[in-house]
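Whatever order the structure lists them in is the order used to number ligands and atoms, beginning at 1. Everything numeric here is computed off the predicted structure, so don't read it as measured data.
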Amino acid sequence: MKRITTLLAALCCLGGLSAQTGYRPAPENLAARQQFADGRFGIFLHWGLYAMLGQGEWHMTNANLHYREYEKLAAGFYPARFDAREWVTAFREAGARYICFTTRHHEGFSMFRTAQSPYNIVEATPFARDVVKELADECHRQGIRLHFYYSLIDWWREDAPRGRTGLGTGRPAEKEDADAYFDFMKAQLTELLTQYGEVGAIWFDGVWDQDRNPSFDWRLGELYALIHKLQPACLVINNHHLAPFEGEDAQAFERDLPGENTAGLSGQEISRLPLETCETMNGMWGYRIADQNYKSTERLVRYLVGAAGRGANLLLNIGPQPDGALPAAALERLAAVGEWLRANGETVYGTEAGPVEPRPWGVTTRRSDRVWVHIFNCPDKELFLPLEGLRVKQAVRFADRSKVSFAQDDAGVLLRLGEVPAGADTIVELTVAER
Ligand code: H79
């Protein structure tokens, strides 16, 4: 099976998904990968003109809005409450170690100062401020890394290659010009990597738009080589829902933990690169006025810890409002997750997946001789952990360091826990030694 998937991946590359050939990551890139993986928690931001419509970031194509009408939103975009310092402070206090911001989503509007198109926040809106610059300066001040989401697909540009989406936005077919579009993207990526200081990652999305056109070439090799030339430490991440291509520095998953596939976007094999999965706080990426279906703090913590227990980061999304403020429900959850991480972050940051595979009851994380057993749902008053090759020297509840009694043999350890509350993360810390 694995061989078939590898073969398929190779065929995909031949069929146009060419990646950076002969890529040897620079030492500073390898260091950045480690720092990225150690961070475990990032905040994803989907913000663009679509916020004004309050229907999520796909409304332009879902409602087949004409591009000449849609672009008029720009003249009314004035997010008076936008304050980069407030945003970044809230993310840092939530315990996030990085932010990924949509510099340009599928709607095609650039949220940064660009000379490549007048359709950008500085030139086309009365706000006339480069929010990416303000965020970058603030991130650098507060020691948070900044990643740039960059869409490969564009529903507004006339030259953008047509895939399976954005077909009803009224653009004349004869204006399609892939060469011009790739020049545009390369010039914008150059701006993003030279105007804003250190960039933690470029996060691509949209490869799947051409999945019915296997001969289409996204020229990813050229894009990746450009990024690594301008900033060797900058990670290339591409949310294409496939096994990684050469030239990528971390692997993305969407709306599922690695190894799970409830949303149907994450059937790809899990690579040895740093892993990251993204998920929404409510049900949408971009601001959706009718969606107050926010996940509880407990659930968000379980998801973050569930990711860590699979050796992955969580990139947790927020859709800022059209006025530039973050939704109150999101701010509440950020504060609560931050409080949890201040108490328990030691068991998440800088860890790797623990020795016990994820189970229905929870996950394990590990750093050197410490293993943290995160119990979300204990079926019993006792919990057996298969720990072949490891000897447990001590077991304590992480919260109060109280001893947990246990028995062990060659197969593993039986923890005598007593009652464990359902839903929350009860953490038992094991001190282990190799057998
Ligand atoms: O930016 C956010 C979304 O706007 C974007 N990625 C996240 C991070 C995204 N939108 N949809 N998807 C991801 C899921 C893609 C679903 C697909 Fe399909 C199923 C792609 C191909 C098959 C549905 C049908 C969408 C396009 C065709």
Check whether any N or O atom of H46, backbone or side chain, sits under 3.5 Å from an N or O atom of ligand 1, and answer yes or no.
-> yes
Test item: side-chain donor near acceptor, Q142 and T89, under 3.5 Å | yes
Sequence-distant partners of H147, side chain to side chain donor-acceptor pair (under 3.5 Å), two or more places apart | none
Minimum-distance protein heavy atom relative to atom 5 (C) of ligand 1 | D205 OD2, 3.2 Å
Option whose closest heavy atom lies nearest to atom 12 (N) of ligand 1, chosen from E254, E107, R255 | E254
Among E57, Q210, R164, the residue with a heavy atom nearest to atom 26 (C) of ligand 1 is R164
Which residue and non-hydrogen atom of the protein lie closest to atom 17 (C) of ligand 1, and at what distance in Å?
-> L265 CD2, 4.3 Å
Residues Y119 and G108: closest non-hydrogen pair is CD2-O, 3.6 Å
Residues passing the salt bridge (charged side-chain N to carboxylate O under 4.0 Å, His left out) test with D137, sequence neighbours excluded, are K133
Please indicate whether any nitrogen or oxygen in H105 is less than 3.5 Å from any nitrogen or oxygen in ligand 1.
-> yes
R367 side chain to E346 backbone, donor-acceptor under 3.5 Å = yes
Contact atoms of ligand 1, heavy-atom distance to Y149 under 4.0 Å | 1 (O)
Say whether E276 and W203, considering side chains only, have a donor N or O and an acceptor N or O under 3.5 Å apart.
-> yes
Would you check, one step at a time, whether the test salt bridge (charged side-chain N to carboxylate O under 4.0 Å, His left out) holds for D154 with R104?
-> CA-CA 9 Å; D154 191 309; R104 176 174 141 279; 3.0 Å; yes
Among all protein heavy atoms, pick out the one at the shortest distance from atom 11 (N) of ligand 1; state its residue, atom name and that distance to 0.1 Å.
-> W58 CZ2, 3.3 Å
Does any N or O atom in H241 lie less than 3.5 angstrom from one in ligand 1, N or O only?
-> no
With only distance considered, is W285 within less than 3.5 Å of ligand 1 through an N or O on each side?
-> no
Would a search of protein heavy atoms around atom 19 (C) of ligand 1 find one under 4.0 Å away?
-> no
